[in-house]
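For the numbers below, each heavy atom of this structure counts, side chains included, while hydrogens, waters and symmetry mates do not.
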Amino acid sequence: MAAVDDLQFEEFGDVAASLAANPDATMVSIEDPGETPKHQPGPPRGSGREEDDELLGNDDSDKTELLAGQKKSSPFWTFEYYQTFFDVDTYQVFDRIKGSLLPIPGKNFVRLYVRSNPDLYGPFWICATLVFAIAISGNLSNFLIHLGQKTYHYVPEFRKVSIAATVIYAYAWLVPLALWGFLMWRNSKVMNIVSYSFLEIVCVYGYSLFIYIPTAILWIIPQKAVRWILVMIALGVSGSVLAMTFWPAVREDNRRVALATIVTIVLLHMLLSVGCLAYFFDAPEMDHLPTTTVAPNQTAKSS
């Protein structure tokens, strides 16, 4: 039977002194589970890999996609389902507008600005602002062109608002829908690592139209040369955003199909800009010119 003294607890002082007295002793360390372990060095990452992830946004965007897939989505007939499409702050909207005005070669607009949180807030209000900018500027341009003519009577054309709204919103929704269907069809035939959702394509098209808002305001200047210079600048900037965004989605496809897709995207964009300039600003307004009637007695006297 063990002695009573052997069963008593012994208070240990310095751990180092105890180890010096008994070198064969084994010390067990019990850590607090609330404490965080110290940083342990891991395998170094290559600088080239970090640059690729930063350029394409693979690391952050892939994590965001995984987290987004874990979110519980609401039914499409509820208000919460559509509220997520407008869940964006002012900083993100301004950052995406800046990205659409300053396209950088080699950087993908979707991965850098849109994929983390695609929205419809920016595209909706950009299209609405562009509609009123084109309609109001077209009326003012028509007024300034005929200013000083005694035979001209100015009448506001409110129908230009409805026409501009139909054209802009149809382009911002139907063209992305057709492009999304085409990319889905081609990706089923050719395996591609780059794929865009319909909401991301609508977001790209919506933000690419922002440059036409100041351009439409400057179209008031009654000089055709200035107007065409402005439309070429706007077309070059917005067309570059679309081409550089959708080229990675088709470059793995057949060479002719890829080039034809990009050319079609740019041509449709050109058709929108040139068509708006030709219809709302350069169209002759002959229906507002008053018609002069000749009295029958005057014709008899002249004969």
Side-chain angles (χ1 to χ4, degrees), residues 45-71 73 84-127 172-173 175-211 236-253 257-259 261-266 268-269:
R45 295 183 61 186
S47 59
R49 178 66 177 176
E50 293 179 355
E51 293 178 357
D52 294 340
D53 292 341
E54 183 180 359
L55 179 63
L56 298 177
N58 292 332
D59 194 7
D60 296 337
S61 61
D62 292 342
K63 291 179 181 179
T64 305
E65 289 178 8
L66 293 176
L67 293 177
Q70 296 176 358
K71 294 181 180 178
S73 59
T84 58
F85 299 152
F86 294 85
D87 186 14
V88 65
D89 56 12
T90 306
Y91 174 78
Q92 289 178 324
V93 174
F94 284 153
D95 194 32
R96 294 172 184 183
I97 290 175
K98 182 179 66 176
S100 66
L101 295 177
L102 300 173
I104 302 176
K107 291 192 175 182
N108 194 302
F109 182 82
V110 173
R111 286 192 175 272
L112 290 179
Y113 302 103
V114 177
R115 177 146 294 180
S116 60
N117 183 23
D119 70 292
L120 294 179
Y121 179 86
F124 175 80
W125 286 110
I126 287 174
C127 292
W173 283 91
V175 174
L177 179 61
L179 180 59
W180 173 73
F182 175 78
L183 293 179
M184 291 289 291
W185 174 60
R186 296 306 302 176
N187 286 339
S188 64
K189 295 179 176 296
V190 181
M191 296 302 296
N192 197 337
I193 59 174
V194 180
S195 61
Y196 300 139
S197 65
F198 174 67
L199 184 59
E200 290 173 347
I201 298 177
V202 171
C203 195
V204 173
Y205 268 85
Y207 281 102
S208 67
L209 294 176
F210 179 82
I211 193 173
V237 173
S238 57
S240 299
V241 173
L242 296 177
M244 290 188 297
T245 301
F246 295 110
W247 173 249
V250 297
R251 63 184 175 187
E252 300 296 333
D253 204 339
V257 175
L259 292 177
T261 304
I262 299 300
V263 170
T264 303
I265 293 174
V266 176
L268 290 175
H269 204 64

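Put simply, the side chain of Asp95 never gets that close to the backbone of Tyr91: no donor and acceptor are under 3.5 Å apart.
Taking both residues in full, the closest heavy atoms of Ser195 and Arg115 are given as O-NH2, 2.7 Å, listed atom of the first, atom of the second, then distance. Of all the heavy atoms in Thr261 and Val257, the pair that sits closest is OG1-O, 2.7 Å. Residue Val202 comes nearest to Pro176 through the heavy atom pair CG2-CB, 3.8 Å, listed as atom of the first residue, atom of the second, then distance. Between Ser238 and His269, the shortest heavy-atom contact is OG-NE2, 2.7 Å.
Residues passing the side-chain contact (heavy atoms from CB on, under 4.5 Å) test with Val263, sequence neighbours excluded: Leu267. Residues passing the side-chain contact (heavy atoms from CB on, under 4.5 Å) test with Ser240 are Pro103, Met244, sequence neighbours excluded. Phe94 pairs by the side-chain contact (heavy atoms from CB on, under 4.5 Å) definition with Thr90, Ile97, not counting sequence neighbours. Evaluation of the side-chain contact (heavy atoms from CB on, under 4.5 Å) rule for Val204 yields Phe109, Val110, Leu242, Thr245, Phe246 as partners, not counting sequence neighbours. Listed by chain and number, the residues in a salt bridge (charged side-chain N to carboxylate O under 4.0 Å, His left out) with Asp89 amount to none (sequence neighbours excluded). Every side chain to side chain donor-acceptor pair (under 3.5 Å) that Tyr196 has, sequence neighbours left out, goes to Asn108.
Relative ring orientation between Trp173 and Phe198 is described as tilted, the plane-to-plane angle lying within the 30° to 60° band.
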Verdict with supporting geometry, Leu101 and Ile211, side-chain contact (heavy atoms from CB on, under 4.5 Å): CA-CA 7 Å; Leu101 295 177; Ile211 193 173; 3.7 Å; yes
side-chain contact (heavy atoms from CB on, under 4.5 Å) between Leu183 and Ile201, intermediate numbers included: CA-CA 11 Å; Leu183 293 179; Ile201 298 177; 4.2 Å; yes
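With rounding to the nearest 0.5 angstrom, the OG atom of Ser100 is 6.5 Å from the CD1 atom of Ile126. A distance of 4.0 Å separates CG in Asp253 from CZ in Arg186, rounded to the nearest 0.5 Å. Separation of atoms OG1 (Thr264) and CG (Leu259) is listed at 10.5 Å; rounding is to 0.5 Å. Summarising the geometry, atom CZ belonging to Arg111 is positioned 9.0 Å from atom CD belonging to Glu200; distances are rounded to the nearest 0.5 Å.
The side-chain heavy atoms of Asp119 and Arg96, taken from C-beta on, include a pair separated by under 4.5 Å. Using a 4.5 Å heavy-atom threshold, the side chains of Trp180 and Val175 count as separate. Counting heavy atoms from C-beta on, the side chains of Phe210 and Val93 never come closer than 4.5 Å.
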